[in-house]
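Given the structure is predicted, the values throughout are model-derived calculations rather than measurements.
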Amino acid sequence: MRVFGLTGNIGSGKSTVAAMLREAGIPVLDADRISKEVTAPGGRAYDVVVREFGRGIVRNDGSIDRVRLGEIVFADPQLRSKLEAITHPAILEAMKEAIAGIEREGHRAAVVEATLIHESGRKGLFEAVISVTCDRETAIARLAARGGMSRNHAEARLRAQMDAGRKAGASDYVIDNSGDLESTRRQVVALAGALLGKGVT
């Protein structure tokens, strides 16, 4: 089975493209969802994350306050690296198990949606990587609209990530999600055909 990566910075519209790929018949694994599972109470990385970052990140129900944890690690690159060193191996293990399940179902291709494919040196895990891009102002507007994030916080999150242009340049395919949904859909439908039938060119 062919496995592709789907990446893009926060606010780029990765989830929109992922949904379109699913509609086109390609299963998509969400690395962020897997990350939430491995850091949930009882998850593979939960105890280590709480031990390293303290009880201050734990809600009353025992779950990790991901907003609070995000504020901590995005303010300090060393702490972000520490969190990634804890969670990435657990996420990778869970992802491999999920991909094996998709293959057993008989699918010809699968896509893994993950923000940090290039930053974490994971490009080699995939046959090819797809990058979703949009202009900076559109990304900031999307972040403000969906989560009530302040402009300063949105800009800080974007600064903390690899430059979108570099990320696109390091990828094999690029989907420009700056325009309307129909424009994005046309690009995704064409890409899905390539992933399922024509091979990587």
Side-chain angles (χ1 to χ4, degrees), residues 1-24 26-40 43-46 48-49 64 66-67 69-70 73-74 77 79-103 107 109-134 139 142-143 146-147 154 157-177 184 187-188 191-192 194-195 200:
M1 186 181 70
R2 309 173 75 190
V3 181
F4 303 93
L6 175 67
T7 192
N9 284 348
I10 186 169
S12 65
K14 285 189 313 301
S15 297
T16 297
V17 170
M20 292 177 180
L21 285 168
R22 290 187 184 100
E23 290 172 6
I26 301 177
V28 180
L29 291 174
D30 182 351
D32 189 53
R33 180 184 60 78
I34 294 174
S35 172
K36 289 175 182 175
E37 291 173 355
V38 302
T39 56
R44 307 172 199 229
Y46 176 85
V48 182
V49 171
I64 289 174
R66 289 169 62 87
V67 173
L69 180 59
V73 301
F74 278 103
L79 291 179
R80 190 166 77 250
S81 295
K82 177 190 283 189
L83 178 64
E84 290 168 0
I86 296 167
T87 58
H88 283 184
I91 293 168
L92 185 60
E93 186 179 352
M95 199 176 293
K96 286 180 176 177
E97 292 173 1
I99 288 170
I102 290 171
E103 187 169 19
H107 290 281
V111 169
V112 175
E113 176 190 352
T115 302
L116 301 175
I117 291 174
H118 295 300
E119 295 90 331
S120 59
R122 304 294 188 194
K123 183 179 181 181
L125 296 174
F126 306 105
E127 182 172 331
V129 175
I130 307 148
S131 180
V132 182
T133 66
C134 73
R142 285 174 180 160
L143 292 172
R146 82 179 184 203
R157 293 291 294 270
L158 287 169
R159 280 196 304 272
Q161 297 185 336
M162 181 177 179
D163 176 75
R166 284 181 56 219
K167 185 170 286 191
S171 300
D172 303 279
Y173 295 101
V174 177
I175 298 289
D176 183 353
N177 191 34
T184 301
Q187 296 174 69
V188 173
L191 175 62
L195 303 188
V200 178

message: Once salt bridge (charged side-chain N to carboxylate O under 4.0 Å, His left out) is applied, do any residues pair with K14, and if so which ones, sequence neighbours excluded?
response: none
field: Distance (rounded to the nearest 0.5 Å) between M95 CE and D30 CG
entry: 9.0 Å
query: What distance separates E37 CD from I91 CD1, expressed to the nearest 0.5 Å?
result: 10.5 Å
message: Donor-acceptor pair, distance only, cut-off 3.5 Å: does the side chain of N9 make one with the backbone of T133?
response: no
query: Where do R80 and V73 come nearest, in terms of heavy atoms and distance?
result: CB-O, 3.4 Å
- prompt: I102 and A110: which non-hydrogen atoms are nearest, and at how many Å?
  reply: CG2-CB, 4.2 Å
query: So, for T39 and A45, which heavy atoms are closest and what is the spacing to 0.1 Å?
result: CG2-CB, 4.4 Å
- request: Evaluate side chain to side chain contact (heavy atoms under 4.5 Å, CB included) for F4 paired with I26, printing each intermediate quantity in order.
  value: CA-CA 10 Å; F4 303 93; I26 301 177; over 6 Å; no
Side-chain donor or acceptor of Q187 paired with backbone N/O of D176 under 3.5 Å: yes
message: Looking at every heavy atom in both R33 and L29, which two are closest together, and how far apart are they?
response: NH2-CD2, 4.4 Å
R22, CZ atom: more than 12 neighbouring heavy atoms under 6.0 Å: yes
- request: I would like to know whether V3 and L125 meet side chain to side chain contact (heavy atoms under 4.5 Å, CB included); could you show each step before the answer?
  value: CA-CA 8 Å; V3 181; L125 296 174; over 6 Å; no
message: Given 3.5 Å as the limit, does a donor-acceptor pair link the side chain of S81 with the main chain of P77, or not?
response: yes
task: Could you tell me the separation between the CZ atom of R122 and the NE2 atom of H88, rounded to the nearest 0.5 Å?
output: 7.0 Å
message: On a heavy-atom basis, which atom in A40 and which in Y46 lie closest, and how many Å separate them?
response: O-CB, 3.2 Å
task: Taking the side chain as every heavy atom from C-beta outward, state whether E113 and L21 have any pair of such atoms under 4.5 Å apart.
output: no
- prompt: Which is it for R66 and D32 under the side chain to side chain contact (heavy atoms under 4.5 Å, CB included) test, yes or no, and what are the steps along the way?
  reply: CA-CA 11 Å; R66 289 169 62 87; D32 189 53; 2.9 Å; yes
message: As an exercise, state the distance from CG of L92 to CD of E97, rounded to the nearest 0.5 Å.
response: 10.5 Å
query: For the atom pair CG (L191) and CD1 (I175), what is the distance rounded to the nearest 0.5 Å?
result: 5.0 Å
query: Do the side chain of T7 and the main chain of A114 share a donor and acceptor less than 3.5 angstrom apart?
result: yes
field: Rounded distance (nearest 0.5 Å) linking atom NE2 of H107 with atom CD1 of I99
entry: 12.5 Å
field: R142 side chain vs G11 backbone, donor-acceptor pair below 3.5 Å
entry: yes
field: Non-hydrogen atoms of H118 and S171 that approach each other most closely
entry: NE2-OG, 2.9 Å
- request: Give a yes or no on whether the backbone of T115 and the side-chain of K167 come within a donor-acceptor separation of less than 3.5 Å.
  value: yes
Stepwise side chain to side chain contact (heavy atoms under 4.5 Å, CB included) check, V188 with E23: CA-CA 10 Å; V188 173; E23 290 172 6; over 6 Å; no
- prompt: Between the main-chain N or O of S12 and the side-chain N or O of N177, is there a donor-acceptor pair closer than 3.5 Å?
  reply: yes
